[in-house]
Protein chains: 2
Amino acid sequence: MKRKTSQREAIRRVIIRADRPLSTDEIFKMARKLVPGLGIATVYRTLKSLKEEGSIHEVDLPGQTSRWELSDKDHHHHFLCRTCDKLFEIEGCLGDIDRLLPPGCSLEAHNILLEGQCPDCLQGMDN
Amino acid sequence: MKRKTSQREAIRRVIIRADRPLSTDEIFKMARKLVPGLGIATVYRTLKSLKEEGSIHEVDLPGQTSRWELSDKDHHHHFLCRTCDKLFEIEGCLGDIDRLLPPGCSLEAHNILLEGQCPDCLQGMDN
DNA sequence: ATAGGTGCAAACAGTTTGCATGTAT
DNA sequence: ATACATGCAAACTGTTTGCACCTAT
């Protein structure tokens, strides 16, 4: 996949403009405003392709649908609001992770997810 | 749900005997050996009910299907083998998690998942 | 006897794929 | 011109639900 199509550009633009990782469906709805006829299959295919070319990163979440963010970021983790389901980027990391590793296992990655209420939802403005 | 049926007992037994959190499908296959006609819908319903009554806990994983473990355990996290997809319990936790919390957010839970190779898979015995 | 549990098949949600058509190169 | 991308619908996977039948109480 290398062609510069309006669909692909719209999807890329939506992700670039976002201030947090977006779900596939959010991207679909936002990109469809830019390219009216856009189909969901194209979104899935394009996200996969952007991921494979290395420009975006898929954030897998427990129990939730994947979110997508630009991959040119430093190592970080995420905070998930349990009310609005929005995901936010968290800076920094925790040290001494190796300490938890079971004996005989090799460590290839670690995932830290914080969950709670985001500022907006704490104020009862449920959105 | 309160009745003592062979299906429910088999499912409970499989989870109790396991040395690690099992997937719904693993539970289904193991319990079906104990109760031949067992249907997958019953497994889903029973797991949900055991969860609601508080005897088991659902481990949601990013990108993977849920695993189930007994809920009478201390706070812990998990290690996922990227080769055989088995999940292992990890003792202990990391301190200073609040430090990562974005300003204005409340913290209700945290999730730490380590990923890599388990001892068996490190030795090339791919299972 | 009867409320609740079970198995089956159909329904669902999210995601992927086959195919004919459209379009960037 | 043509190889690749798109939209649609069908297929797929994991999970849930409706319903007639079964069974623990």
Side-chain angles (χ1 to χ4, degrees), chain A residues 1-15 21-69 80 84-87 113, chain B residues 1-15 21-69 80 84-87 113:
Chain A
M1 257 194 186
K2 315 195 161 181
R3 285 191 190 168
K4 185 167 180 171
T5 65
S6 57
Q7 291 88 339
R8 189 177 174 88
E9 286 310 293
I11 290 168
R12 166 178 276 134
R13 186 161 304 147
V14 161
I15 297 171
L22 300 178
S23 69
T24 306
D25 193 58
E26 282 176 314
I27 293 168
F28 175 49
K29 286 179 175 132
M30 295 168 87
R32 196 166 43 176
K33 286 180 190 159
L34 305 175
V35 181
L38 182 64
I40 187 67
T42 298
V43 177
Y44 279 107
R45 279 188 285 235
T46 303
L47 290 173
K48 183 187 230 186
S49 139
L50 289 171
K51 176 186 176 182
E52 280 165 3
E53 84 176 29
S55 40
I56 65 173
H57 175 242
E58 179 171 9
V59 186
D60 263 345
L61 295 177
Q64 299 248 348
T65 192
S66 285
R67 312 302 162 90
W68 303 87
E69 63 185 9
L80 177 66
C84 66
D85 280 345
K86 283 187 192 133
L87 191 73
L113 179 68
Chain B
M1 258 195 183
K2 311 189 165 189
R3 285 190 191 170
K4 185 168 178 171
T5 65
S6 57
Q7 292 87 342
R8 189 177 173 86
E9 287 308 295
I11 289 168
R12 168 179 274 133
R13 186 161 305 146
V14 161
I15 297 170
L22 299 178
S23 68
T24 307
D25 194 58
E26 282 177 314
I27 293 168
F28 174 49
K29 286 180 175 133
M30 296 169 85
R32 195 165 46 175
K33 287 180 189 161
L34 305 176
V35 182
L38 183 64
I40 186 68
T42 298
V43 177
Y44 278 108
R45 280 188 285 235
T46 302
L47 290 173
K48 183 187 230 184
S49 140
L50 289 170
K51 175 186 177 181
E52 280 166 4
E53 84 177 28
S55 39
I56 65 172
H57 175 242
E58 179 171 8
V59 186
D60 263 345
L61 295 177
Q64 299 250 345
T65 191
S66 285
R67 311 300 162 92
W68 304 87
E69 63 186 8
L80 177 67
C84 65
D85 279 346
K86 284 188 191 132
L87 191 73
L113 178 68

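Proteins get letters first, then strands, A, B, ... in listed order; numbering begins at 1 in each. Since the structure is predicted, the reported quantities are computational estimates derived from the model, not experimental observations.
- For B:Arg67 (side chain) and B:Thr65 (main-chain N/O), a donor-acceptor pair under 3.5 Å exists by modelled atom type.
- The nearest whole Å value for the distance from the CD atom in B:Gln7 to the P atom in C:dC8 is 11 Å.
- The shortest distance between side-chain heavy atoms of A:Glu58 and A:Trp68 falls below 4.5 Å.
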Exercise for the section: Classify every nucleotide of nucleotides 18-25 of chain C by which part a protein heavy atom approaches to under 4.0 Å, writing B for the base, S for the sugar-phosphate alone and - for neither, in 5'-to-3' order. Expected result: B----BBS

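- Judged by distance alone, with hydrogens and angles left aside, the side-chain atoms of B:Thr46 form a donor-acceptor pair with the main-chain N or O of B:Thr42 at under 3.5 Å.
- In this structure, the CZ atom of A:Phe28 is 15 Å from the P atom of C:dA13, given to the nearest Å.
- For C:dT15, one of the phosphate oxygens OP1 or OP2 lies less than 4.0 angstrom from a side-chain nitrogen or oxygen of A:Thr65.
- As rounded to whole Å, 11 Å separates atom C1' of C:dT15 from atom CD of A:Glu58.
- When the nucleotides D:dT6, D:dT15, C:dT15 are ranked by their closest atom to the side chain of B:Tyr44, D:dT15 comes out on top.
- In this structure, B:Glu9 atom CD and D:dA24 atom P are separated by 12 Å, rounded to whole Å.
- C:dC12 atom P lies 20 Å from atom CD1 of B:Ile40, rounded to whole Å.
- B:Leu38 comes within 4.0 angstrom of sugar-phosphate atoms only, judged by non-hydrogen atoms across all strands, and of no base.
- A straight line from NZ of A:Lys48 to C1' of D:dT6 spans 16 Å, rounded to a whole angstrom.
- Rounded to whole angstrom, the span from the CZ atom of B:Arg8 across to the P atom of D:dT23 amounts to 18 Å.
- For the pair A:Leu87/A:Leu61, a side-chain contact is recorded, criterion being any heavy-atom separation below 4.5 Å from C-beta on.
- Atoms CG (B:Asp25) and C1' (D:dG14) sit 10 Å apart, rounded to a whole Å.
- Annotation: side chain of A:Glu9 is in contact with side chain of A:Arg12 (closest heavy-atom distance under 4.5 Å).
- Within the 4.5 Å cutoff, no side-chain heavy atoms of A:Gln64 are placed close to those of B:Asp60.
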